[in-house]
Amino acid sequence: MKRIRKAVFPVAGLGTRFLPATKAVPKEMLTVVDRPVIQHVVDEAIAAGIEHFVFVTGRNKGVIEEHFDKHFELEATLRSRGKTVELRQLEQQTPAAGATSFTRQQEPLGLGHAVWCARDIVGDEPFALLLPDMLHHGKVGCMAEMIKAYEAKGGNHIGVYPVRDDETHQYGIVDVAGSADKVAKIKAMVEKPARGTAPSNLAISGRYILQPKIFELLATQERGAGGEIQLTDSMLKLAEAEPFYAVRFDGKVYDTGSKIGFLAANVAYGLADEKLAPEFRAVIKDILG
Ligand code: G1P
């Protein structure tokens, strides 16, 4: 069985829901507590043992590349001022030289197209895919759990979590055999089902482990829901030939692509920060009156 070494991060989205914040700053660089959203997701991949980080970027996303570079002058300044905690944190969170790749999506043709843009960099091996909008907050990282499931079963894996019935139309939805199991075989998958037609309330959480055959299927580039090249359509085809498992994430998932999800993530991550929590809790209480 091939190890999961590479992770793909599609970061080409325009972020129109966060204008004017995202006019000059990519939405992935908006901060949740003390680090950009994309850093939280890369941290999750690092914790899962990922060794190479592939970013599918677009116009005006250059600052993401800067963010994951070594900042020599900053590190020298921190060292000379004896700021060892900050220095160590920077060092731990910066991927090693040669461990990042950046490619451009060029046109906003959908998630399937963004993933396909990473085909040459990923090559002929299974890979992790993490959608940066979705923050997974739990004791164990979602991707670490999924890699464990992959090592036990092989095949393809999708992270899922339960959503409310009135939210299913916003997500990819899967139906599984043995719905209470942590890891369950997927029976059906549908991208953004019309209201009232979802086969279950298990939403695709934006975490995937996919076999490289997905690139051949994406290469046909057929348009699906919303006129976009959908990843879910190619996964459905792949599922005819290879097993797909759903890995249920037991922590909380925050969709930071929406304002409410973004605010909720800041509250949750702030309250989970030991140093900030006591004062932050008092401030929230005060605001709520
Ligand atoms: C994408 C996927 C969808 C998934 C969602 C999670 O949709 O196509 O299956 O549930 O991410 O955020 P998007 O949010 O890009 O419309």
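Atoms within each ligand, like the ligands themselves, are counted from 1 in listed order. As a basis for the values below, the full set of heavy atoms in this structure was taken, side chains included, without hydrogen atoms, waters or symmetry mates. From a predicted model like this one, the values you see are computed outputs, not experimental measurements.
Under a 4.0 Å heavy-atom criterion, Gln170 is not in contact with ligand 1.
Residue contacts with ligand 1: Gly172 is placed with a nitrogen or oxygen under 3.5 Å of a nitrogen or oxygen of the ligand (distance criterion only). Residue Lys192 has at least one N or O atom closer than 3.5 Å to an N or O atom of ligand 1. Geometrically, ligand 1 and Ser205 share no nitrogen or oxygen pair separated by less than 3.5 Å.
Proximity of the aromatic rings of His137 and Tyr269 is defined here by a centroid distance below 6.0 angstrom, and this criterion is met.
The pair Asp165-Arg195 does not count as a salt bridge, with every side-chain nitrogen at least 4.0 angstrom from each carboxylate oxygen. A salt bridge does not link Lys139 to Asp250: none of the charged side-chain nitrogens sits closer than 4.0 Å to a carboxylate oxygen. With salt bridges taken as basic N to acidic carboxylate O contacts below 4.0 Å, none links Lys70 and Glu91. Using a cut-off of 4.0 Å between Lys/Arg side-chain N and Asp/Glu carboxylate O, Glu145 and Lys182 are scored as salt-bridged. A salt bridge does not link Lys275 to Asp273: none of the charged nitrogens lies less than 4.0 Å from a carboxylate oxygen.
In this comparison of Leu231, Thr168, Ile204, the heavy atom closest to atom 4 (C) of ligand 1 sits on Ile204. Around atom 8 (O) of ligand 1, the closest heavy atom drawn from Met235, Glu191, Arg207 belongs to Glu191.
Residue-ligand proximity, Leu131 to ligand 1, at heavy-atom distances under 4.0 Å covers atoms 1 (C), 11 (O).
Protein heavy atoms are absent from the 4.0 Å sphere centred on atom 15 (O) of ligand 1.
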